[in-house]
Amino acid sequence: EASTRHYYRLRLSAGFSVVAMLINELEKDPEIVSRVREATEVFKSYGIRVPCIFDWHPLEKVMFVRDAGSATLEDVCQGHGAKFYLPLYKQIVDHLLALHWAPVPEDVQSKIPMKISFTQSKFEEEFSFFIRHSRLAEKIDSESLKNITGLFQSVARKMTLEKYVLTHR
């Protein structure tokens with residue numbers, strides 16, 4: 001879970017850069033670094049390109065990882081229209097779902113907490129993050145937004161009864 005972390009790109013020589021990931025929640029959760037490393041290994045085992053970890057400095061709460069670049073789905077889709085981006089978006093979601101439902105080997109289950117679930121407030125925090133960053137609130141009236149929020153809260157209550165790992169946005 002990365003929403004409380006901060007990322008800084010450090011530009012080095014000849015176009016090479018690394019990302020400094022500041023892990024502020026380390027005091028609350030000292031195991032977070034090992035879980036980041038273990039989750040990285042799980043993703044790699046499924047052929048997903050993930051940034052490798054170069055270095056870790058626990059006292060400074062900083063991890064240096066490979067810079068994976070800044071390309072976003074929005075950048076890729078810019079100017080192409082719905083006929084282009086809707087199938088691409090569906091393909092991405094299908095891949096995420098396949099990963100989410102992939103069988104998890106026993107040795108991996110013992111390494112990362114496979115029974116983590118989100119609380120109602122965490123889901124609502126994620127939903128608020130999405131609303132703020134998707135500009136959805138600018139495009140619909142306040143009554144519609146209130147209705148959408150109510151529907152999401154109902155879904156979130158049901159989801160807190162389930163166990164989810166790795167993907168949540």
Side-chain angles (χ1 to χ4, degrees), residues 1-7 9 17-19 21 23 25 31-53 63 65-140 144-169:
E1 204 289 303
S3 59
T4 58
R5 297 182 200 143
H6 299 279
Y7 300 85
R9 177 173 285 136
S17 61
V18 297
V19 171
M21 178 171 60
I23 306 175
E25 69 269 28
E31 297 297 314
I32 198 153
V33 173
S34 62
R35 287 203 313 273
V36 167
R37 287 180 170 161
E38 290 157 358
T40 297
E41 291 305 313
V42 169
F43 282 123
K44 280 199 311 198
S45 74
Y46 283 96
I48 297 171
R49 190 177 77 112
V50 291
C52 71
I53 299 168
M63 181 182 288
V65 297
R66 175 178 286 137
D67 188 346
S70 325
T72 65
L73 184 58
E74 183 179 22
D75 294 336
V76 171
C77 295
Q78 193 83 23
H80 289 286
K83 286 183 180 181
F84 173 79
Y85 69 77
L86 288 178
L88 180 61
Y89 183 75
K90 183 183 180 323
Q91 182 182 6
I92 292 167
V93 170
D94 287 345
H95 284 298
L96 289 172
L97 287 172
L99 172 66
H100 191 75
W101 293 108
V104 180
E106 286 294 323
D107 63 320
V108 173
Q109 287 185 31
S110 65
K111 288 181 182 176
I112 59 175
M114 300 306 285
K115 302 292 184 214
I116 292 176
S117 63
F118 286 86
T119 63
Q120 177 83 20
S121 63
K122 182 60 182 165
F123 276 123
E124 289 176 12
E125 180 184 313
E126 292 293 333
F127 183 71
S128 293
F129 179 91
F130 166 75
I131 294 297
R132 282 192 315 273
H133 291 85
S134 70
R135 300 187 200 117
L136 183 62
E138 299 168 8
K139 297 176 183 178
I140 61 173
S144 296
L145 184 58
K146 184 178 172 182
N147 290 336
I148 291 169
T149 301
L151 290 169
F152 178 80
Q153 289 170 339
S154 173
V155 170
R157 276 191 292 280
K158 292 175 185 164
M159 289 177 68
T160 59
L161 303 174
E162 302 292 330
K163 304 298 179 190
Y164 292 90
V165 178
L166 300 178
T167 58
H168 64 284
R169 281 208 169 119

Q: Side-chain contact test, heavy atoms from C-beta onward, threshold under 4.5 Å: evaluate it for Ile53 versus Met63 and give yes or no.
A: yes
Q. Does the side chain of Phe127 come within less than 4.5 Å of Ile148's, by heavy atoms?
A. yes
Q. Which distance, rounded to the nearest 0.5 Å, do you find between the CD of Glu124 and the CZ of Arg157?
A. 8.0 Å
Q. Atom CZ of Phe152 and atom CZ of Phe130: how far apart are they, to the nearest 0.5 Å?
A. 10.0 Å
Q.
Can you confirm whether Phe84 is buried at CZ, in the sense that more than 12 heavy atoms of other residues, nucleotides or ligands lie under 6.0 Å from that atom?
A. yes
Q: For Lys83, check salt bridge (Lys or Arg N to Asp or Glu O under 4.0 Å) against everything at least two apart and list the hits.
A: none
Q. Hey, are the side chains of Val65 and Cys52 touching, using non-hydrogen atoms and a 4.5 Å cut-off?
A. no
(Q) Main chain of Ile140, side chain of Ser144: is a donor-acceptor contact present, judged purely on distance under 3.5 Å? (A) no
Q. Among all residues two or more places apart in sequence or in another chain, which pass the salt bridge (Lys or Arg N to Asp or Glu O under 4.0 Å) test with Lys44?
A. Glu41
